[in-house]
Amino acid sequence: MKTDDLIEQLASGLEPMPTSYVARRILLGLGAGALVSGTVMFFWLGLREDMPLAMTTGMFWVKFGYTLALFVTLVAALARVARPGGSVGSLVLAIGAPFALIVLMAAYRLMDAVPEARSSLLMGHSAQVCPWRILILSLPILAGAVWALRGLAPTRLRLSGLVAGACAGALGAWVYAFACGENAAPFVAVFYTAGIAAAAALGTLAGARVLRW
């Protein structure tokens with residue numbers, strides 16, 4: 001059989017996928033991962049005991065807003081890199097905006113505090129475990145993101161892995177926020193971001209291996 005005939009046979013009957021297919025597959029993978037992550041968080045760490053009181057404070061919602069805003073922008077970036085030759089492009093600014101905002105809030109809070117309180121605002125009571133817990137809770141979500149990407153057509157594998165890992169890290173941090181008793185902006189800016197960055201690094205390493213066609 002000639003090569004042209006083989007190509008024609010392979011290409012016959014192909015139909016374009018719906019434009020919503022990429023978004024649906026990504027959301028399915030992330031949603032399944034988030035369900036597992038939330039279950040692990042509940043039975044491992046449990047909800048914070050002072051949840052009703054904490055919900056009356058502004059920083060409680062800022063913490064959730066920071067992680068959720070990162071997640072939403074990173075999902076949009078993930079949908080881009082899931083396509084052949086896809087890049088993050090101008091979404092870099094949207095992704096960086098929540099981080100810049102929390103850093104500004106953290107800097108203001110530290111400058112406004114008395115010197116004796118700054119260490120507590122930065123380190124809190126769980127600095128040593130916070131990033132690792134976020135990373136662990138991100139793993140099921142990263143697995144879901146990888147599953148989604150393997151059914152799509154990413155060609156920039158390390159970039160795709162990086163975005164998938166950061167996306168999983170942001171959602172994992174959001175899940176962890178239900179258990180975490182820390183609310184100070186400096187703590188969130190440093191240690192929540194560290195957990196997200198760890199998940200992004202893991203995704204980058206995994207991308208080149210597990211996303212190969």
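Worth saying up front: this structure is predicted, and the values here are computed from it rather than measured.
- Between W61 and F64, the angle of the ring planes lies from 30° to 60°, which puts this pair in the tilted group.
- Considering only residues two or more places apart in sequence or on other chains, R156 meets the salt bridge (Lys or Arg N to Asp or Glu O under 4.0 Å) condition with none of them.
- Heavy-atom minimum distance, S87 versus L159: CA-CD2, 4.2 Å.
- The minimum heavy-atom distance linking C130 with Y176 is given by the pair SG-CE2, 3.7 Å.
- Using a 4.5 Å heavy-atom threshold, the side chains of F178 and L45 count as separate.
- In this structure, M41 and L47 have side chains that are in contact, with non-hydrogen atoms separated by less than 4.5 Å.
- Taking both residues in full, the closest heavy atoms of V163 and L74 are given as CG1-O, 3.7 Å, listed atom of the first, atom of the second, then distance.
- Residues meeting the side chain to side chain donor-acceptor pair (under 3.5 Å) test with R25, sequence neighbours left out: none.
- Contact between I134 and I196 at its shortest, heavy atoms only, is CG2-N, 4.1 Å.
- Counting only distance, with no hydrogens or angles, the side chain of R80 and the backbone of V88 share a donor-acceptor pair below 3.5 Å.
- Minimum interatomic distance between R48 and N183 (heavy atoms only, all atoms of both residues): NH1-OD1, 3.3 Å.
- For the pair L30 and A145, the tightest heavy-atom approach, listed with the atom from each and the gap, is CD2-CB, 3.9 Å.
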